[in-house]
Protein chains: 2
Amino acid sequence: MSRETGRQPKYQRIAAELRAAVDAGRYGPGDRLPGENDLMAEHGVARMTARQALGLLQTEGIAEARKGAGVFVRDFRPIRRRGIERLARAQWGEGRSVWSADIGNRELAVDSVEVAQEPAPAAVAGVMGLDENADLCVRRRRFVLDGKPVLLSTSYLPADLVADTPITQPDTGPGGVYARLADLGHAPARFREEVRSRMPGPDEGERLALPSGVPVVQIARTAFDAEGRVVEVNEMVLDSAAYVLEYDFEA
Amino acid sequence: MSRETGRQPKYQRIAAELRAAVDAGRYGPGDRLPGENDLMAEHGVARMTARQALGLLQTEGIAEARKGAGVFVRDFRPIRRRGIERLARAQWGEGRSVWSADIGNRELAVDSVEVAQEPAPAAVAGVMGLDENADLCVRRRRFVLDGKPVLLSTSYLPADLVADTPITQPDTGPGGVYARLADLGHAPARFREEVRSRMPGPDEGERLALPSGVPVVQIARTAFDAEGRVVEVNEMVLDSAAYVLEYDFEA
DNA sequence: AAGTGGTCTAGACCACTGC
DNA sequence: CAGTGGTCTAGACCACTTA
């Protein structure tokens with residue numbers, strides 16, 4: 001009878017109903033939601049309308065479609081990435097975090113490494129105070145957690161600085177790139193991290209195996225040595241559903 | 001003749017073509033892109049297919065639809081938010097940033113203030129070490145830049161600590177909440193910021209006037225006084241297209 | 001083999017914007 | 001008022017997953 005639906009598109013009403021059901025716990029992480037056919041029958045709408053409703057939940061990161069299988073509730077169990085190790089644990093101790101996050105038994109591993117010498121992208125050249133097209137050593141890595149890719153890292157270093165060092169090799173040895181920079185007398189002394197968020201490009205979405213509608217976090221980390229020279233720029237692209245970034249600092 | 005299109009859906013091909021045109025600068029920020037009717041004619045596809053292509057660009061944050069007007073190229077001119085003021089300017093100086101950002105003449109202003117006493121949300125109660133349902137002073141604010149809302153801030157403070165102080169008033173006086181906490185002998189000494197990104201809920205999208213497909217950045221800032229007591233939790237939701245977060249720190 | 005989501009068509013009506 | 005994007009229908013074929 002009634003018609004108390006208000007002036008809201010059908011697909012939004014359907015999405016709101018499903019969203020409420022998830023919030024209320026009637027569907028938990030990993031559970032299968034009603035599919036297109038279910039919604040068409042329940043609400044008497046066309047396929048495209050049911051799709052719009054389910055698409056909205058995916059856009060919001062609540063649900064994830066798996067071809068041929070169904071639409072499922074996503075879970076959010078992020079890695080906690082501490083930007084400032086020095087302060088983190090010592091001063092506070094654990095347990096005072098807003099978002100719980102287990103790193104626990106799960107293992108973060110490098111999936112692929114690629115080292116090349118390339119001309120500097122404009123933004124990186126600007127930060128380093130180089131000419132565009134000046135050569136850089138570029139290290140690209142992909143990190144996987146439990147088999148799922150979660151982080152793309154592209155590290156830029158001045159080619160002249162790192163020539164003929166292990167930094168130009170896939171395996172940089174114990175302590176990694178920063179230890180090798182220290183060997184060269186250019187240990188990083190300060191860092192600047194710039195953080196933003198956006199939707200992935202098609203290439204990034206693929207390399208991170210992202211369900212559609214999941215944003216990425218982009219971190220541009222600049223490393224300065226004691227003299228203030230920029231010795232590295234590292235551009236990272238993170239699956240936003242996989243990470244919480246933590247920064248601890250003093251007033 | 002040929003059929004060298006590869007095995008890619010039409011709407012992705014159309015979107016890729018538009019994306020390339022934007023990247024190549026053939027469409028600049030604010031320019032109008034070909035609309036649904038244009039794409040239907042040019043590519044000989046149905047309306048829904050043209051819509052999918054344009055929808056993809058919006059999902060990626062490249063374009064923004066304006067009802068009745070057209071689809072336009074978005075621009076990204078973010079505010080630079082410095083997490084760690086103490087270090088930022090003194091040690092480096094400006095100009096070594098990957099993403100340029102002007103704050104310049106544009107003014108960040110508070111749009112609405114709302115103060116209330118409410119029971120603690122579970123996550124906040126946990127951080128503060130309180131019982132759930134313990135009363136908190138809750139301050140909700142919205143910030144606008146050039147008339148566009150960019151930040152929603154919800155600040156939680158222990159009700160007993162701030163009772164009968166200006167903190168319970170909309171206007172907290174010079175120096176704001178932190179100055180008043182200092183007056184009480186609980187000046188914040190340390191901060192923890194937890195940063196994540198996700199798609200906005202429908203309410204957030206509306207309150208921030210977000211075009212569809214734009215993610216938000218969520219910051220949970222915990223303030224500790226010198227004794228380690230949690231004196232404030234501030235949950236912020238930012239328009240990701242409006243902000244770059246910067247954190248400077250030492251190795 | 002049955003069911004699922006992914007893509008696509010060819011129509012339609014509406015509200016809104018811009019002139 | 002003409003054009004735009006927003007919503008919606010009623011079909012269709014395909015690739016994929018699950019069993």
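Since the structure is predicted, the reported quantities are computational estimates derived from the model, not experimental observations. Chain letters run A, B, ... following the sequence lines, proteins first, then strands; residues in each count from 1. Only heavy atoms go into these numbers, but all of them, side chains included; no hydrogens, no water, no symmetry mates.
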Could you go through the side-chain contact (heavy atoms from CB on, under 4.5 Å) check for B:Val214 and B:Arg74 one step at a time?
CA-CA 11 Å; B:Val214 178; B:Arg74 299 240 328 261; 3.1 Å; yes

Let me have the donor-acceptor pairs involving side chains of residues 114-126 of chain B, under 3.5 Å, with sequence neighbours excluded, atom names and distances please.
residue, atom, partner, partner atom, Å
B:Gln117, NE2, B:Asp135, OD2, 3.2
B:Glu118, OE1, B:Arg140, NH2, 2.8
B:Glu118, OE2, B:Arg140, NH2, 2.6

N/O donor to acceptor pairs below 3.5 angstrom from side-chain atoms of residues 24-33 of chain A, sequence neighbours left out:
residue, atom, partner, partner atom, Å
A:Asp31, OD2, A:Gly28, N, 2.8
A:Arg32, NE, A:Ala69, O, 3.4

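Counting to the nearest Å, the C1' atom of D:dG3 and the CZ atom of B:Arg66 are 16 Å from each other. Atom-to-atom, CZ of B:Arg51 to P of D:dT7 comes out at 7 Å; the value is rounded to the nearest Å. Taking atom CD of A:Gln12 as the reference point, atom P of D:dG6 lies 12 Å away to the nearest angstrom. Note: CZ (A:Arg13) to C1' (D:dC8) measures 16 Å, nearest angstrom.
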With the criterion being N/O to N/O and under 3.5 Å, what pairs connect the protein with nucleotides 9-16 of chain C, and how long is each?
residue, atom, partner, partner atom, Å
C:dT9, OP1, B:Lys10, NZ, 3.0
C:dT9, OP2, B:Ala46, N, 3.0
C:dT9, OP2, B:Thr49, OG1, 2.5

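Under the side-chain hydrogen bond (donor to acceptor under 3.5 Å, both in side chains) criterion, the residue pairs touching residues 55-71 of chain B are B:Arg19-B:Glu60, with sequence neighbours excluded. Screening residues 199-209 of chain A for side-chain hydrogen bond (donor to acceptor under 3.5 Å, both in side chains), with sequence neighbours left out, gives A:Arg198-A:Glu204.
Not counting sequence neighbours, the partners of A:Met40 by the side-chain contact (heavy atoms from CB on, under 4.5 Å) test are A:Asn37, A:Arg47, A:Ala50. When the ring pair (Phe, Tyr, Trp, His ring centres under 6.0 Å) test is applied to A:Tyr156, no partner is found at least two apart in sequence or on another chain. By the side-chain contact (heavy atoms from CB on, under 4.5 Å) test, B:Gln169 pairs with no residue at all, sequence neighbours left out.
At D:dC8, none of the side-chain N or O atoms of A:Tyr11 fall inside 4.0 Å of OP1 or OP2 (strictly under the cut-off).
The stretch residues 35-42 of chain A comes close to DNA chain C through A:Gly35, A:Glu36, A:Asn37, each having a heavy atom under 4.0 Å from the strand.
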